[in-house]
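What follows is a short report on a single structure.
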Amino acid sequence: MQLIQPYTLFVGNAADWIAALALLSLIILGMSYLRAARGHDSQVYHPRLSWLRAGIYFSAGLILSWSLGVTQSLLSLPLVTEQQLTSWPWLAYTLCYAVVLWIGYMVIWPKGTFQDGRAAHPVTTTLFGLAWGLCHAQVFLCLWAIAELSGLNSYWVAAITYLLLSGYNFAFHQFFWDVQVSPPHNIEAWNMKKVQYCHSPNLLLGFVWLAIWGNFGLWVLFQTFALTVSAHNMRFPAPGDSYQGRAGEMR
């Protein structure tokens, strides 16, 4: 199944409204960030600034998703088809994928993560994790949509997306997310283990799953689970939290 279905922008549907709200949010958050960041030491982690940066990224990601037709497809395609619910190969593979995600992000990822004494904020952390997962997963699917422009079959699209995403993820975490948004949380000795046992299996199994069955909406929900769990495991601070640390610090 292809991700991008025929679509038309600016027709007043739900996808257009989501993009309009994202644009408004982008403008408001951008102006707020410019004011809040004045005179702030970029080497010091500040929760409010991290939320503003994340919000800007989420808003821009939603606008990109809308412009490429990803949002429209996610709203129109079924999460699961009736045929899949009676298909043993789909059920077995999906269960295996879910177990890998559970072990990766509930067992392995926390072992390579420190919390630095940050206070727990279950409600705000959950809200952040949900926004992180729903928006970040759509950015990933934007790369899938770009790969579909090649006209190749879904297996090649999955392979191209994986290659594009490998480069994007490295730059994204190295130069933005892990130093501008996430609080210090990575244990350096576990960085490669997280890649090998969490992130790589997630994407490899997930992209094969998408290439065969095309459950794009359900995949977004799986990623949202993984990132919401990650937000809790690192104890992502609330916007008004007094926590301060060294941006990007590893231990």
Side-chain angles (χ1 to χ4, degrees), residues 18 21-22 25-26 28-30 32-33 36-37 40 42-62 65 98 100-140 169 172-174 176-188 190-191 193-195 197-199 202-203 206 217-251:
I18 291 172
L21 291 173
S25 174
L26 180 63
I28 294 173
L29 291 172
S32 299
Y33 177 74
H40 180 75
S42 61
Q43 299 300 311
V44 177
Y45 179 84
H46 192 285
R48 181 164 179 259
L49 291 181
S50 73
W51 275 77
L52 290 171
R53 293 180 186 120
I56 290 169
Y57 171 73
F58 297 158
S59 301
L62 289 175
S65 176
V100 168
L101 285 177
W102 182 272
I103 294 174
Y105 292 94
M106 292 290 286
V107 179
I108 297 173
W109 201 88
K111 291 182 178 179
T113 302
F114 66 88
Q115 299 173 341
D116 203 24
R118 290 183 287 271
H121 299 283
V123 175
T124 54
T125 299
T126 298
L127 291 174
F128 181 88
L130 292 174
W132 183 13
L134 292 172
C135 299
H136 196 45
Q138 287 188 60
V139 173
F140 285 9
N169 253 345
F172 175 77
H173 285 279
Q174 186 78 13
F176 175 62
W177 194 260
D178 284 350
V179 295
Q180 299 291 333
V181 178
S182 289
H185 67 280
N186 279 321
I187 298 175
E188 189 169 8
W190 276 82
N191 279 354
K193 293 179 183 178
K194 286 182 176 180
V195 172
Y197 302 122
C198 301
H199 308 318
N202 174 14
L203 295 179
L218 189 55
W219 183 81
V220 169
L221 296 182
F222 279 172
Q223 302 313 302
T224 301
F225 161 77
L227 294 181
T228 301
V229 167
S230 298
H232 279 283
N233 284 332
M234 74 170 74
R235 286 198 177 173
F236 200 95
D241 200 306
S242 60
Y243 170 79
Q244 287 193 342
R246 184 171 179 81
E249 179 186 18
M250 289 189 288
R251 293 182 181 176

Residue pairs passing the salt bridge (Lys or Arg N to Asp or Glu O under 4.0 Å) test with at least one member in residues 104-127, sequence neighbours excluded, are D116-R251

Practice task
Answer yes or no: does atom CZ of R48 have more than 12 heavy-atom neighbours from other residues, nucleotides or ligands under 6.0 Å?
Solution key: no

Hits for side chain to side chain contact (heavy atoms under 4.5 Å, CB included) against Q244, two or more places apart or cross-chain, chain-then-number order -> V44, H46

Separation between OG1 (T224) and CG (L134), nearest 0.5 Å, reads 4.0 Å

Applying side chain to side chain contact (heavy atoms under 4.5 Å, CB included) to H199 and not counting sequence neighbours gives Y105, W109, K194, V195

With sequence neighbours left out, the residues meeting ring pair (Phe, Tyr, Trp, His ring centres under 6.0 Å) with F225 are W102

So CD1 of I56 and CD of Q180: to nearest 0.5 Å the spacing works out to 11.0 Å

message = Can you confirm if the aromatic rings of Y243 and H121 lie within a centre distance of less than 6.0 Å?
response = no

Practice problem: Evaluate the side chain to side chain contact (heavy atoms under 4.5 Å, CB included) criterion for residues M234 and T125: first the C-alpha distance (whole Å), next the side-chain angles of each, then the deciding distance (0.1 Å), finally the verdict. | Solution: CA-CA 10 Å; M234 74 170 74; T125 299; over 6 Å; no

Heavy atoms of L227 and G133 approach each other most closely as CD1-CA, 3.7 Å

Hits for side-chain hydrogen bond (donor to acceptor under 3.5 Å, both in side chains) against S50, two or more places apart or cross-chain, chain-then-number order -> Y45

What one should report as the nearest heavy-atom pair of L52 and A36 is CD1-CB, 4.0 Å

- Query: Can you find a pair of side-chain heavy atoms, one from N169 and one from F140, that are under 4.5 Å apart?
  - Reply: yes

Applying side-chain hydrogen bond (donor to acceptor under 3.5 Å, both in side chains) to S182 and not counting sequence neighbours gives W177

With sequence neighbours left out, the residues meeting side-chain hydrogen bond (donor to acceptor under 3.5 Å, both in side chains) with S59 are S25

Residues at least two apart in sequence or cross-chain that pass side chain to side chain contact (heavy atoms under 4.5 Å, CB included) with Q223, listed by chain then number, are Y97, A137, N202, W219

For F58, the ring pair (Phe, Tyr, Trp, His ring centres under 6.0 Å) test, sequence neighbours excluded, returns F128

Taken to the nearest 0.5 Å, the spacing of L203 CG from C198 SG works out to 11.0 Å

Item to check | Side chain proximity check, D178 to H185, heavy atoms < 4.5 angstrom | outcome: yes

Hey, is the main chain of P237 close enough, under 3.5 Å, to the side chain of W51 for a donor-acceptor pair?
yes

Would you indicate whether the side-chain heavy atoms of T113 and I187 approach each other to under 4.5 Å? no

Heavy-atom nearest pair, H232 first then P122, reads CE1-O, 3.4 Å

Sorted by chain and number, sequence neighbours left out, side-chain hydrogen bond (donor to acceptor under 3.5 Å, both in side chains) with S42 holds for none

| said: I'd like to check T228 versus F236 (side-chain heavy atoms, cut-off strictly below 4.5 Å). Are they in contact? | reply: no

d(Q115 CD, N233 CG) to nearest 0.5 Å is 7.5 Å

So the salt bridge (Lys or Arg N to Asp or Glu O under 4.0 Å) pairs with at least one residue in residues 222-246 (sequence neighbours excluded) are none

Residues T124 and A238: closest non-hydrogen pair is OG1-CB, 3.6 Å

Contacts of V139 meeting side chain to side chain contact (heavy atoms under 4.5 Å, CB included) (sequence neighbours excluded), chain-then-number -> Y57, Y168

